[in-house]
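Working notes, structure below.
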Amino acid sequence: MPEQSGKVQTVLGLIEPDQLGRTMTHEHLTMTFECSHVPPASGDEGLAAAPIEMKHLHWLQQNPYSHHENLLLNQEIEAVKEELLCYRKAGGGSIVENTTTGITRNLPVLRQLAKETGVHIIAGAGYYVDVTHSDETRKMTVEKLTDIIVNEILHGADGTDIRCGVIGEIGTSWPITESEKKVLRATAHAQTQLGCPVIIHPGRNKAAPGEAIRILQEAGGDISKTVMSHLDRSIYDPRELLEFAKMGSYLEYDLFGTEVLNYQFNLDVDMLSDSQRVQTLAFLIREGYEDRILIAHDIHTKHRLTKYGGHGFSHILKNIVPKMLSRGITQNQVDKILIENPKQWLTFK
Ligand SMILES: CCC(=O)NCCS(=O)(=O)O
């Protein structure tokens, strides 16, 4: 039985699950997102190249992926540190940092931030979406990928002794590519060995979450210990959502704070607003899924930091929780979503 059993593994070492407190289960503190750059609309090239300024904020908020500099969250370590101190003051305890190989994971920075702020940080093992896979990764067998992921959890990742505490976010596109399927199978095999939490980034299609879960399931993964991220932009129809929920994964609404008219990555999608996210949580609770819900902001670009006029890492604690309570979600249910469910998920079997 690994030493992680019954514990949560942070970048500073193992902790008791009760030490976690309120937990955002899907954030990024340092990463790059150039792999997802969207060319600006014709006529917007000047805005896309301009420094970030107040007068451009609305454009930036609506076109975040067309501004190259906005995709470099790794340049904002000091601002992120300030945000984490505010997050603690607002009652936050822990953050799952989902940056995996392909989007510039930086474990020494995570360890430094954890030391300087007192926020428990849980780092992610494994690989992001196919476009970020190296030729070497693509050639690897499932067994080799499994070994690497297991090693990132048991011994440390990226040549450091800093150990990851979850597998993911494991990136998948739509349709899921062959290389991504191998990583999903390796994830399931590593999870079987370690009894660890897993978190998946689905492709941008309503069929994507179910397909990723099926691949994990067939490879022996523990779906009850797996989170499906980004449901805010993936499944809208209530009947389809309940069909997916029956598969048994955690259901994560992790784009709180994102309010956009057009979702740049898929113009067919009408991205949920925060009010609609809260309505969806209330719906899932009524349908009996309160033990399966997780929430977060998934901050991954500069413009969502308070330094750039964004909502920051404390938005859920300061604004969304009161809204949840005002819409009939009880304090006990809020605590389940923010404390108990993350604790159950993050504790190694
Ligand atoms: C690395 C951050 C990330 O993947 N965020 C998800 C963005 S979206 O696909 O939900 O738009």
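Both counts, for ligands and for their atoms, begin at 1 and track the order of listing.
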Heavy-atom nearest neighbour in the protein, as seen from [atom], with distance rounded to 0.1 Å:
| atom | answer |
| --- | --- |
| atom 5 (N) of ligand 1 | D298 OD2, 2.8 Å |
| atom 11 (O) of ligand 1 | Y263 OH, 2.6 Å |
| atom 4 (O) of ligand 1 | Y128 OH, 2.5 Å |
| atom 10 (O) of ligand 1 | R233 NE, 2.9 Å |

- Restricting to heavy atoms, the pick from H26, R204, H28, H230 nearest atom 9 (O) of ligand 1 would be R204

- Are the charged groups of R163 and E3 less than 4.0 angstrom apart, N to O? yes

- Query: Is there a chain of hydrophobic side chains (I, L, V, M, F, W, Y, each step under 4.5 Å between heavy atoms) that links V8 to V166?
  - Reply: yes

- Message: Does K323 form a salt bridge (charged side-chain N to carboxylate O under 4.0 Å, His left out) with D274? I'd like the steps, not just the answer.
- Response: CA-CA 9 Å; K323 178 83 176 182; D274 276 355; over 6 Å; no

- Query: Should we say atom CD of E136 is surrounded by more than 12 heavy atoms from elsewhere, each under 6.0 Å from it?
  - Reply: no

- Take atom CZ of R88 as the centre, draw a 6.0 Å sphere, and report whether it contains more than 12 heavy atoms from other residues, nucleotides or ligands. no

- Task: For the residue pair Y263 and F265, categorise the inter-ring angle as parallel (less than 30°), tilted (30 to 60°) or perpendicular (more than 60°).
- Result: perpendicular

How does [X] reach ligand 1, if at all, at less than 4.0 Å between non-hydrogen atoms: by side chain, backbone, both, or neither?
| X | value |
| --- | --- |
| I103 | side chain |
| T99 | neither |
| D232 | neither |

